[in-house]
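Working notes for the structure below.
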Number of protein chains: 2
Amino acid sequence: MTQQSVTMADVAKAAGVSRTTVSFVLNGRMEANIPEATRERINQTARMLGYRPNAAARTLASKRSAWFGLVTEIATSPFATDVIKGAQRSAWKDGNFLLIAPSDDDPGMEMLAVEKLLEQQVGGLIIATTWHREIIVPENAKSVPCVLVNCFDAEGEFPSIVPDEVAGGYAAAEILARAGHTNIGHITVAQGIPAQIGRQTGMKQALRDHGLSQEESKIVAGDGTADSGYHGTQELLAQPDPPTAIFCGNDRIAMGAYDAIKELGLRVGEDISIVGFDDQEILAPHMRPKLTTIALPFEEMGMAGVSLLNQMVEGSPIENRQITIGCPPRIRSSVAMHGQR
Amino acid sequence: MTQQSVTMADVAKAAGVSRTTVSFVLNGRMEANIPEATRERINQTARMLGYRPNAAARTLASKRSAWFGLVTEIATSPFATDVIKGAQRSAWKDGNFLLIAPSDDDPGMEMLAVEKLLEQQVGGLIIATTWHREIIVPENAKSVPCVLVNCFDAEGEFPSIVPDEVAGGYAAAEILARAGHTNIGHITVAQGIPAQIGRQTGMKQALRDHGLSQEESKIVAGDGTADSGYHGTQELLAQPDPPTAIFCGNDRIAMGAYDAIKELGLRVGEDISIVGFDDQEILAPHMRPKLTTIALPFEEMGMAGVSLLNQMVEGSPIENRQITIGCPPRIRSSVAMHGQR
DNA sequence: GCGCGTTACTGAATCGTGTTAGCAAATCTG
DNA sequence: CAGATTTGCTAACACGATTCAGTAACGCGC
């Protein structure tokens, strides 16, 4: 109500030209060579009248919308924020919008979300998960360009963007090896997920490359919780030849590890070195000592997702369908030099 | 491209009726009394043909869109997620969408964000901040119903939804008082913000109501960081008559407090009781012992924002323009009984 | 003064839906 | 059985843009 809404026709009348001309000018169509004087006049009157384009009309007429859809499990994790942030920023730069729809990790819900987004005429779709895993992409998602972020489909049919877990695990172990540690423990996240497999694989490779061996007993299975970090650390430190450093599968595990270490009267970053994974913004930099960890590049993944989508929408050929994004180390204070170098 | 897009006209032709009839049936216009048989036939063919309504056309024709705009500082804080989550859920229920635009705490950016959202024909606007404070609402936000979440304008011109800081502070202090503590410390968040003022006010009231007094020295000014919690706690515990319980202005402060307490060889939840504020999902339940704290009702605020917006869009009278939402206590394990009851 | 190319525009169709006004047939009313 | 009402549907315009196909005016060479 009270929608006075100035239209192009109003601007055209006020400027004494046709709708078409106004459209050309406001969209910067230079090939319709409208002289500078007219352009200026039209822009002036548009501004004076407070003209605001109607996106719905534009979408309808041009059959191209300014929206991408993002389907994600906002319900569960704060991680989603960063993906949204990155995607949002990247889309915004090109004048695009993000329509966010919840999937809640329920296939039915997810299909509905996609359906609703398609009704909104989204030009492309991003499906993002909060933890790196394989998913089944809803059938209807195929009616429009679609990119997977932090997940992948079994057939590799969709382009996907995932963190480089292996390189991340490698970096984590290398930090400890470079600091002179030779007896390194590891507490894993939940068994069988890409994060666990990748990080552990990377760690083993790094240790080999640095000429270090690691007994099986130095790898304890956790489940990603702080509790599992606490108990895992107790288990490691109770061994006859306890490790001097622990690579924790994620930051929450590291949090539990801190507690266990302190309870034993030892000092994190002096007696025992710790490296985490994830770089949780409200955790890692606030721990005492501040946690050295490997960051999950959620924001970059979101940005990459949108730019990949842009390419697909424009019909550019996609060279790389499976993109991995590096996990940068965040060096803080939980790792100490050990022994002679 | 390859937009086969089945339209209403296609459905109409296939069903042997006019487009108008299809529109009536699909929109459930009962007053146009179409007999059950015809309705069924149209629904069938629509489903068979895979008809998907075009939201842009609908928005254009009906002059009412199915989406609300949410302007927020996604850039800075994980808190935003919960507001988005609540708003999203609430909107989704009514078939509405949320368009998210970043404000990045920059007035120019914010105006642009609002402008862009208005171009998208949003039916209403939510402006949300990550921390409770006063804001200046951009002028153009007035062209559509607008609700403030977690913030407010100086003139009270806009309906706003904020957490009940005072009641939260009251609850926090009461938990400690009820546990038998009589010597209670407090470490504040940044000076002068509503969170600091409200929580402190609530605390003082609770202590008065429980017949307790509190020396000025037992309130130390922090800045919301874990570091300030660490040093604040050291300061409090170094006093000649140290408190047996500390109400920390937020969970990060509590995190620092834990570290300081443990370093002194004391036990949290046994020797010293702690209550936090915010209930940060990835922090509070994972601390050791698990932190008793007061939750900030972000999700509820988001939901309340959307439903208030719905009322406004429908033209219902708004009875309450300044809504405060309660901050529920989350009782965990960081508070112990003290002394005789 | 004719043909041709450029410049600076305009008219009209189109996008897919909502919505009002109205019409023919069927049914009811008295 | 005439007139009024209801039932079941349709024609046509509107919404606010984009875009294609012109076209009138002008300059220019010959």
Side-chain angles (χ1 to χ4, degrees), chain A residues 1 3-43 45-46 49-67 95 118-123, chain B residues 1-43 45-46 49-66 95 118-123:
Chain A
M1 44 243 81
Q3 285 281 57
Q4 79 276 351
S5 92
V6 181
T7 74
M8 268 198 177
D10 298 332
V11 176
K13 196 182 298 173
V17 294
S18 75
R19 254 193 309 287
T20 311
T21 307
V22 175
S23 174
F24 284 159
V25 170
L26 294 185
N27 290 330
R29 272 273 210 290
M30 294 314 275
E31 69 268 29
N33 44 21
I34 312 287
E36 179 59 29
T38 313
R39 292 224 307 282
E40 185 54 33
R41 180 158 44 97
I42 292 177
N43 280 321
T45 50
L49 265 51
Y51 170 70
R52 178 148 48 211
N54 181 322
R58 187 199 305 257
T59 299
L60 181 58
S62 67
K63 315 185 88 168
R64 303 179 305 113
S65 86
W67 305 303
L118 290 175
E119 283 183 13
Q120 310 302 314
Q121 312 301 110
V122 294
Chain B
M1 40 245 78
T2 85
Q3 285 282 58
Q4 80 275 350
S5 92
V6 181
T7 75
M8 269 200 179
D10 299 330
V11 176
K13 196 180 299 172
V17 294
S18 77
R19 220 185 35 70
T20 308
T21 308
V22 176
S23 174
F24 284 159
V25 170
L26 295 184
N27 291 330
R29 272 272 208 286
M30 294 314 277
E31 69 266 30
N33 45 20
I34 314 285
E36 179 60 27
T38 314
R39 290 225 308 280
E40 185 55 32
R41 180 158 44 97
I42 292 178
N43 280 321
T45 51
L49 266 50
Y51 169 70
R52 178 148 48 214
N54 181 323
R58 173 177 301 180
T59 300
L60 179 57
S62 68
K63 315 186 91 169
R64 304 179 305 114
S65 84
L118 290 175
E119 284 184 11
Q120 310 302 311
Q121 312 301 110
V122 293

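Predicted, not measured: the structure shown is a model, and the values here were computed from it. The basis for the numbers below is simple: all heavy atoms, side chains too, and nothing from hydrogens, waters or symmetry mates. Residue numbers begin at 1 in each chain, while the letters A, B, ... track the order of the sequences.
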At a heavy-atom distance below 4.0 Å, which nucleotide of DNA chain C is the first touched by chain B, and which is the last? C/dG16 to C/dT20

What's the [atom1]-[atom2] distance between [X] and [N], to the nearest Å?
| X | N | atom1 | atom2 | value |
| --- | --- | --- | --- | --- |
| A/D10 | D/dG16 | CG | P | 9 Å |
| A/Q121 | D/dA17 | CD | P | 18 Å |
| A/L26 | D/dT19 | CG | C1' | 15 Å |
| B/Q120 | D/dG16 | CD | C1' | 14 Å |

Between A/W67 and B/Q120, which heavy-atom pair has the shortest distance, and what is it? NE1-OE1, 2.8 Å

Looking only at non-hydrogen atoms, find the nearest pair between A/V11 and A/Y51 and report the distance.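 Residues A/V11 and A/Y51, closest heavy atoms: CG2-CB, 3.8 Å.
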
When we call it a touch if two heavy atoms are under 4.0 Å apart, what does A/T38 touch: a base, just sugar-phosphate, or nothing? sugar-phosphate

Please report how far the helix from C/dG1-D/dC30 to C/dG30-D/dC1 bends, comparing the axis fitted to its first five pairs with the axis fitted to its last five, to the nearest 10 degrees. 50°

Distance in Å, [X] [atom1] paired with [Y] [atom2], rounded so as to fall on 0.5 Å steps:
| X | Y | atom1 | atom2 | answer |
| --- | --- | --- | --- | --- |
| A/M8 | A/I42 | CE | CD1 | 9.5 Å |
| A/L118 | B/N54 | CG | CG | 11.5 Å |
| B/T7 | B/R19 | OG1 | CZ | 8.0 Å |
| A/Q121 | A/R64 | CD | CZ | 13.0 Å |

If you assign each of A/F24 and B/A56 to its closest nucleotide in DNA chain C, which residue comes earlier from the 5' end? A/F24

Closest-nucleotide mapping onto DNA chain C: is B/R29 or B/L60 further toward the 5' terminus? I mean the 5' end.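 It is B/L60, whose closest nucleotide lies nearer the 5' terminus.
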
Residue pairs passing the salt bridge (Lys or Arg N to Asp or Glu O under 4.0 Å) test with at least one member in residues 32-41 of chain B, sequence neighbours excluded, are B/E36-B/R39

Earlier contact from the 5' end, DNA chain D, for A/M8 and B/N33: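 Comparing both residues, the 5'-ward one is B/N33.
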
Applying side-chain contact (heavy atoms from CB on, under 4.5 Å) to B/A61 and not counting sequence neighbours gives none

Any donor-acceptor pair under 3.5 Å linking the side chain of B/T45 with the backbone of B/A15? no

Side chains of A/T21 and A/I34, heavy atoms from C-beta outward: is any pair under 4.5 Å? yes

Neighbours of DNA chain C within residues 15-23 of chain B, by heavy-atom distance under 4.0 Å: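 Output list: B/R19, B/T20, B/S23.
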
For residues 22-31 of chain A, which side-chain N or O atoms pair as donor and acceptor with protein atoms under 3.5 Å away, sequence neighbours left out?
{"from": "A/N27", "atom 1": "ND2", "to": "A/S23", "atom 2": "O", "distance (Å)": "3.3"}
{"from": "A/R29", "atom 1": "NE", "to": "A/E31", "atom 2": "OE2", "distance (Å)": "3.3"}

